[in-house]
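Numbered from 1 within each chain, the chains take letters A, B, ... in sequence-line order.
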Number of protein chains: 2
Amino acid sequence: MSTTPAVEDYLKTIYAHTEWQPEPITPSVLAARLGVAPSSVTEMVKKLAGAGLITHVPYGPLRLTPAGFLGASAVVRRHRLVETWLVREMGYDWDQVHDEAEILEHALSDRLLEAIDVRLGRPGSDPHGDLIPAADGSLVRVPAIRLADAAPGHAGTVLRISDRDPAILRDLAADSIGPGSALTVLESCAVRLPGGSIRLLAPDAAASIWLTK
Amino acid sequence: MSTTPAVEDYLKTIYAHTEWQPEPITPSVLAARLGVAPSSVTEMVKKLAGAGLITHVPYGPLRLTPAGFLGASAVVRRHRLVETWLVREMGYDWDQVHDEAEILEHALSDRLLEAIDVRLGRPGSDPHGDLIPAADGSLVRVPAIRLADAAPGHAGTVLRISDRDPAILRDLAADSIGPGSALTVLESCAVRLPGGSIRLLAPDAAASIWLTK
DNA sequence: TTCGGGCTTTCGGCCTGCCTAAATCTCGGC
DNA sequence: GCCGAGATTTAGGCAGGCCGAAAGCCCGAA
């Protein structure tokens, strides 16, 4: 089976789902994430399973096989390296890179990717704080906790901010909150910044931020 | 009509055909250039004509409308800026950039293109010597003559080398002939370089090289 | 234990872009 | 003026990805 942009998007989305929590993804969630109808997912799932990229029992959740994990890692690696490049060299802000990377991730050759990786000094994480898989799919895990799940009083620095919703990224950037920011959690939706100022976060935003443990 | 990669490729190829000679392109030539069957061209021609991008009378040649010219210019601009960027910043040689640009030209946003253009200092020509259209489709023409058509004794510098055939580009690069090289034509397929050394060129290569008049 | 709502799958269809094979047209040579 | 080679178009099909509607499955609540 050929690895089309659609295949890459499905693999990437399945991969992303289990990156920060253990539950495998279900077809309906995958459909919602991709913005396609559930029946489209059923169809593609057959193809991916037939190609040995995912495992799937009817009516059950979806899991990447080792081969699928490798393929997904490659797409995620391309996406995150592109994001890092856009911010470091092309004048993008970290909350503006997602859509561009979404397209370029399907268009870069291995050679160009390697050239970008070298230019950037083989970065380990992207502008949102997400880890960049190595070419073999390996990455260094860091213990993290969702801000929304952190106990009041918890202090930590922002490790990553999910890039799923661009509006959240914009709002946080406007609030001067980004990867590396030090925060103290007051309650689930309020935080104190180093200067002492207090920010009230939308529940969505609080669920998108991951802090050091 | 949406502007898909296929549409962009058709427009770009029609544009390229009349860039260095005046005859409009025929469906069969277009099919050969694109590597598709003639019937596929007929089909797409209907769509492009219906969208007002080309004019076409049945069994006749194809011509870009002003709208089609603008669309084609945009694709060509993206292609050539990408080639220039790959050579100047990403360590590619000028005979290696075509295939990568062929894909990236469909993937860059206007914003990223502008950033690249600015970084490169708004170059007027790409690594093969081809002119880069401005955003409005305009470009500065330079009088040129095909090496294969030049009279013996004609001396000039290489303005451009058609990037159609990668093998030709490789061979010429190995012979140290590239855009900017000074040449004296001995006969249609032999040239003298500044050092006095003489090169015999394949007819294909001689037809791919354009010299100053 | 049964039932119903929600999730998943099946089914039939649509669109793009490509193909081959079979018309059909054009035009130069005789 | 006719004819045939070559170019173009038509017709019928295929694969990838998507859709909505309808059928099927699963599991928790009663």
* Is the backbone N or O of Ile103(A) less than 3.5 Å from a side-chain atom of His79(A), with the two atoms forming a donor-acceptor pair by type? -> no
* State whether Lys46(B) places a side-chain N or O below 4.0 Å from either non-bridging phosphate oxygen (OP1 or OP2) of dT9(D). => no
* Could you state the atom-to-atom distance from CD of Glu8(A) to C1' of dG16(D) in whole Å? => 15 Å
* Min side-chain heavy-atom separation Leu30(B)-Thr13(B) under 4.5 Å -> yes
* Sequence neighbours excluded - salt bridge (Lys or Arg N to Asp or Glu O under 4.0 Å) pairs with any residue from residues 4-25 of chain B -> Glu8(B)-Arg78(B), Asp9(B)-Lys12(B), Lys12(B)-Glu102(B), Lys12(B)-Glu105(B), Glu19(B)-Arg80(B)
* Which ones in residues 23-44 of chain A lie close to DNA chain C, meaning a heavy atom under 4.0 Å from one of its atoms? -> Thr26(A), Pro27(A), Ser28(A), Pro38(A), Ser39(A), Thr42(A)
* In plain terms, say whether Arg160(B) and Asp126(B) are close enough for a salt bridge, that is, a side-chain N and a carboxylate O under 4.0 Å apart. => no
* Asked: Do the ring planes of Trp210(A) and Trp20(A) sit parallel (below 30°), tilted (30 to 60°) or perpendicular (above 60°)?
  -> tilted
* Asked: Which residue pairs satisfy the salt bridge (Lys or Arg N to Asp or Glu O under 4.0 Å) criterion with at least one member in residues 84-94 of chain B, sequence neighbours excluded?
  -> Glu89(B)-Arg119(B)
* To do: For DNA chain C, find the residues of residues 48-62 of chain A with a heavy-atom distance under 4.0 Å and give them by number; none if there aren't any.
  => His56(A), Pro58(A), Tyr59(A)
* Provide the full list of salt bridge (Lys or Arg N to Asp or Glu O under 4.0 Å) pairs with a residue in residues 38-47 of chain A, sequence neighbours left out, each pair given once. => none
* To do: Would you indicate what Thr4(A) reaches in the nucleic acid, counting non-hydrogen atoms under 4.0 angstrom: base, sugar-phosphate, or nothing?
  => sugar-phosphate
* What is the distance, rounded to the nearest whole Å, between atom CG of Asp9(A) and atom C1' of dC18(D)? -> 14 Å
* Should Tyr10(A) be listed as having a side-chain N or O under 4.0 Å from OP1 or OP2 of dG16(D)? -> no
* To do: If a pair satisfies salt bridge (Lys or Arg N to Asp or Glu O under 4.0 Å) and one of its residues is in residues 107-116 of chain B, list it, with sequence neighbours excluded.
  => Glu114(B)-Arg122(B)
